Amino acid sequence: GGGSGSGSRSGGGGADSSSTGGGDDRILYQFREDGHPLTAHDGVTVEHALSVAQKIIQNCRSQAVLTTHGDPATDGAPGPGLTTRVVGVRFDAKDERTGHADLRRLTLTTNPQTRKAAQLRANGGLSFCFFDTRSEGYLVLYARAAIVEDHQAAWDDRYPNAAMSRRAEGMFPGGATGGNFAAFRVDVERIEMINHDVSEETGQRGPMVIADHPVGWRPLVLVRAEQGHQRATQQQPTTAAATSTTGWMLEEDDGRVMVL
């Protein structure tokens, strides 16, 4: 922590623009007593970060770039074995308090003959990247996937009425048992995000900004609460910040400046 006391080397704070003499608009930063700069992440709550994440997903219309890990020798993955494509993302549940999607879990449906199905069976690691051109923000979900063996249950959950089921059969002929349908349960373990929230008209930042520049360019990171608590217990109590009731917790900012 720190603030604008004796450790402050300059006025302002975070990444707010402050106009100075001569029309020179500069971003001013405060510094902690240990010399590390305060960043735009200081004071951000889990709830606010999740609300920004939801806005990015909404502006992307739930379309994300999915990256999976493959083996060029066996499943046709190019180069270093990473493959990417655009997919629609459907989260399994909603947060009862906010009505927004619970970002901890989602279901991914696909054809079992696709590369991503083969890769997810062999290596369950994957990531989803949402990029919002409106706010100049991005959101990355790092996750693990596991095949759902009960195809009918997955189908009924994904397409819960007759009309939806009929439309889905256009993509998956034969439905749940036709040999063209596979589903993966995806558990999100880590969220990284930056959101500049800069107005194209005025150039001013809005209330949804989560950005650490030009000092560090670090994304804000959320981890699953149970993982953060376990790590804090095994290592040091200050490894992760306090949790909220959302199932997520902010990863501790140790003050290092990292360029990503």
Side-chain angles (χ1 to χ4, degrees), residues 47 50-51 53-70 74-77 82-132 139-191 222-227 244-248:
E47 289 78 6
L50 289 175
S51 70
Q54 298 285 354
K55 186 65 174 179
I56 291 174
I57 293 171
Q58 177 183 344
N59 287 347
C60 293
R61 301 179 65 181
S62 298
Q63 300 293 303
V65 175
L66 167 66
T67 299
T68 55
H69 303 268
T74 59
D75 58 26
L82 298 177
T83 58
T84 59
R85 74 285 286 163
V86 176
V87 298
V89 177
R90 173 185 178 269
F91 295 94
D92 290 346
K94 290 186 176 182
D95 185 323
E96 295 181 357
R97 299 175 305 108
T98 65
H100 293 309
D102 183 341
L103 302 186
R104 291 175 295 179
R105 181 170 296 166
L106 60 98
T107 298
L108 179 66
T109 57
T110 187
N111 188 302
Q113 282 78 46
T114 59
R115 285 187 302 181
K116 64 175 171 288
Q119 290 165 357
L120 291 176
R121 280 194 171 97
N123 181 339
L126 71 162
S127 67
F128 299 90
C129 180
F130 301 83
F131 175 64
D132 181 8
L139 173 73
V140 182
L141 310 180
Y142 295 95
R144 302 291 301 178
I147 188 71
V148 178
E149 299 294 348
D150 190 338
H151 289 187
Q152 190 64 57
W155 181 276
D156 293 341
D157 179 67
R158 182 68 178 86
Y159 312 110
N161 60 57
M164 294 178 67
S165 182
R166 285 194 298 271
R167 287 197 298 271
E169 287 188 13
M171 295 184 295
F172 305 109
T177 59
N180 298 292
F181 175 77
F184 292 85
R185 167 181 156 170
V186 179
D187 287 296
V188 180
E189 299 177 343
R190 179 183 177 93
I191 297 174
L222 299 173
V223 295
R224 291 283 287 267
E226 60 268 28
Q227 296 170 343
S244 71
T245 59
T246 63
W248 293 96

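The structure presented is a predicted model; accordingly, all values stated were derived computationally and were not measured.
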Starting at [atom1] of [X], measure out to [atom2] of [Y] and round the result to the nearest 0.5 Å.
{"X": "Leu103", "Y": "Phe128", "atom1": "CG", "atom2": "CZ", "value": "11.5 Å"}
{"X": "Trp248", "Y": "Arg190", "atom1": "CH2", "atom2": "CZ", "value": "10.5 Å"}
{"X": "Leu139", "Y": "Gln54", "atom1": "CG", "atom2": "CD", "value": "9.0 Å"}
{"X": "Gln58", "Y": "His100", "atom1": "CD", "atom2": "NE2", "value": "8.0 Å"}

Only pairs under 3.5 Å count here: list side-chain donor-acceptor contacts from residues 115-126, not counting sequence neighbours, and write none if there are none.
from, atom 1, to, atom 2, distance (Å)
Arg115, NH1, Gly76, O, 3.3
Lys116, NZ, Thr110, OG1, 3.2
Gln119, OE1, Thr68, OG1, 2.4
Gln119, OE1, Thr83, OG1, 2.8
Asn123, OD1, Gly125, N, 3.0

Assess the residue pair Leu141 and Phe130 against the criterion (side chain to side chain contact (heavy atoms under 4.5 Å, CB included)); give the C-alpha distance rounded to whole Å, side-chain angles, the decisive distance to 0.1 Å, and a yes or no.
CA-CA 9 Å; Leu141 310 180; Phe130 301 83; 3.9 Å; yes
Quickly, which of Val186, Thr107, Leu106 forms a side-chain contact (heavy atoms from CB on, under 4.5 Å) with Phe91? Name it, please.
Leu106
Leu66: which of Val89, Val86, Leu108 passes side-chain contact (heavy atoms from CB on, under 4.5 Å):
Leu108
Check [X] against [Y] and note the closest heavy-atom contact, atom names and distance.
{"X": "Ala176", "Y": "Gln152", "value": "CB-OE1, 3.5 Å"}
{"X": "Asp187", "Y": "Arg185", "value": "OD2-NE, 3.1 Å"}
{"X": "Arg224", "Y": "Val188", "value": "NH1-O, 2.8 Å"}

Donor-acceptor contact present, side-chain Asn180 to main-chain Pro173, <3.5 Å:
yes
Does any non-hydrogen side-chain atom of His69 lie less than 4.5 Å from one of Leu82?
yes
Tell me if the CD atom of Glu96 is crowded by more than 12 foreign heavy atoms within 6.0 Å.
no
With sequence neighbours left out, which residue pairs that include part of residues 158-179 fulfil the side chain to side chain donor-acceptor pair (under 3.5 Å) condition?
Trp155-Ser165
Test salt bridge (Lys or Arg N to Asp or Glu O under 4.0 Å) applied to Asp157 - qualifying residues, sequence neighbours left out
Arg90
